[in-house]
Peer 1: 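I'd like to ask you about the structure that follows.
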Amino acid sequence: QVHVVESGGGSVQAGGSLTLSCAASGYTYRSICMGWFRQAPGKEREGVARIYTGGGSTYYADSVKGRFTISRGNAKNTVYLQMNSLKPEDTAMYYCAADVSLTDGYCSGGYPWLPNGWGQGTQVTVSS
């Protein structure tokens, strides 16, 4: 099973920015699909963004397009989520996830995804 660890998060005022980081391990080194989900109290889990670490193809939920950017680090097991123009409705627990079985096309196509590796979550709170 893929081991995932995320960091970052915190509290910020509306309009501010935060960056989340995530590293995956426990698999044979190759390109994988990594991404971020979030879940606010009383709401369903929402896929936010994905990236295929090999080619860099990305997918974004409509709710974050133009404000969030997912990127990969020099090592293909690290990704970042730059969150700009944050809104109170972005407040949630953010989870990094990884999957070694997805293709580039499936990962960046936004298709339904149940990752096989999850981080412990990091809280993002945006105040108005």
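What's counted below: heavy atoms across the whole structure, side chains too, no hydrogens, waters or symmetry copies.
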Peer 1: Give the minimum heavy-atom separation between A98 and V2, together with the two atoms involved.
Peer 2: CB-CG1, 3.9 Å

Peer 1: Might you work through the side chain to side chain contact (heavy atoms under 4.5 Å, CB included) test for S57 and D104, ending with a clear yes or no?
Peer 2: CA-CA 7 Å; S57 301; D104 187 346; 3.1 Å; yes

Peer 1: Is any side-chain N of the basic residue among K65 and D62 closer than 4.0 Å to the acidic one's carboxylate O?
Peer 2: yes

Peer 1: Is the shortest side-chain heavy-atom distance between R38 and V64 below 4.5 Å?
Peer 2: yes

Peer 1: Hey, could you give me the SG/CE distance between C107 and M34, rounded to the nearest 0.5 Å?
Peer 2: 10.0 Å

Peer 1: Are L81 and I51 joined in one hydrophobic group, where the rule is that I, L, V, M, F, W and Y side chains link up if heavy atoms are under 4.5 Å apart?
Peer 2: yes

Peer 1: For the pair T91 (side chain) and V126 (backbone), establish whether a donor and an acceptor sit closer than 3.5 Å, ignoring hydrogens and angles.
Peer 2: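 Checking the backbone N and O of V126 against the side chain of T91, a donor-acceptor pair under 3.5 Å is found.
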
Peer 1: Within this structure, what is the OG-CD distance for the pair S11 and Q123, rounded to the nearest 0.5 Å?
Peer 2: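 If I round to the nearest 0.5 Å, the distance is 7.5 Å.
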
Peer 1: Quick check: does any side chain N or O of E6 sit under 3.5 Å from a backbone N or O of C96, one acting as donor and the other as acceptor?
Peer 2: yes

Peer 1: Treating N77 as the side-chain partner and A24 as the backbone partner, does any N or O pair qualify as donor plus acceptor under 3.5 Å?
Peer 2: yes

Peer 1: What heavy-atom pair brings D90 and S85 nearest, and what distance separates the two atoms?
Peer 2: OD2-O, 4.4 Å

Peer 1: Would the distance check show the side chain of R72 and the main-chain N or O of T53 forming a donor-acceptor pair, the cut-off being under 3.5 Å?
Peer 2: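 Here the side-chain-to-backbone pair exists.
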
Peer 1: Honestly curious: do Y52 and F37 fall in one hydrophobic cluster under the side-chain, below-4.5 Å linking rule?
Peer 2: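 No, it is not one cluster - the side chains of Y52 and F37 are not joined through contacts under 4.5 Å.
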
Peer 1: Taking all non-hydrogen atoms of both residues into account, name the closest pair between P88 and S128 and its distance.
Peer 2: CG-CB, 3.9 Å

Peer 1: Is there a chain of hydrophobic side chains (I, L, V, M, F, W, Y, each step under 4.5 Å between heavy atoms) that links M93 to L86?
Peer 2: no

Peer 1: Should Y95 and F68 be counted in the same cluster of Ile, Leu, Val, Met, Phe, Trp and Tyr side chains packed under 4.5 Å apart?
Peer 2: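 Different clusters: Y95 never reaches F68 through Ile, Leu, Val, Met, Phe, Trp or Tyr contacts under 4.5 Å.
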
Peer 1: Checking S127 against Q13: is there a side-chain donor and acceptor pair closer than 3.5 Å?
Peer 2: no

Peer 1: Could you tell me which non-hydrogen atom of N84 sits nearest to which non-hydrogen atom of S17, and how far apart they are?
Peer 2: OD1-OG, 2.9 Å

Peer 1: Under 6.0 Å between the ring centres of Y59 and W113?
Peer 2: no

Peer 1: Roughly how far, to the nearest 0.5 Å, is CG of D99 from SG of C33?
Peer 2: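 Nearest 0.5 Å value for the SG-CG distance: 6.5 Å.
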
Peer 1: Output, in order, the C-alpha distance, side-chain angles, deciding distance and verdict of side chain to side chain contact (heavy atoms under 4.5 Å, CB included) for Y60 and V48.
Peer 2: CA-CA 6 Å; Y60 295 94; V48 174; over 6 Å; no

Peer 1: Do T122 side-chain atoms and G8 backbone N/O form a donor-acceptor pair below 3.5 Å?
Peer 2: yes

Peer 1: State whether the side chain of Y106 and the backbone N or O of P112 hold a donor-acceptor pair below 3.5 Å, judged by distance alone.
Peer 2: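 Pair found, side chain donor or acceptor close to backbone of P112.
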
Peer 1: Among side-chain atoms of S71 and Q82, is any donor-acceptor pair under 3.5 angstrom?
Peer 2: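 Side-chain D/A pair, S71 to Q82: absent.
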
Peer 1: Would M83 and V12 show up in the same hydrophobic cluster when neighbours are defined by side-chain heavy atoms closer than 4.5 Å?
Peer 2: yes

Peer 1: To the nearest 0.5 Å, how far apart are OG in S7 and CG in L20?
Peer 2: 8.0 Å

Peer 1: Atom SG in C22, atom CH2 in W36: separation rounded to 0.5 Å?
Peer 2: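 Between C22 SG and W36 CH2, I get 5.0 Å after rounding to 0.5 Å.
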
Peer 1: Using a 4.5 Å cut-off on heavy atoms from C-beta on, say whether the side chain of Y27 contacts that of I32.
Peer 2: yes

Peer 1: For a quick test of reading the model, state the closest non-hydrogen atom pair linking K76 to S31 and the distance between them.
Peer 2: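 Here K76 and S31 meet closest at NZ-OG, 3.9 Å.
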
Peer 1: Counting N and O atoms only, with roles assigned by atom type, does the side chain of Q39 sit under 3.5 Å from a partner on the main chain of Y94, one being a donor and the other an acceptor?
Peer 2: no

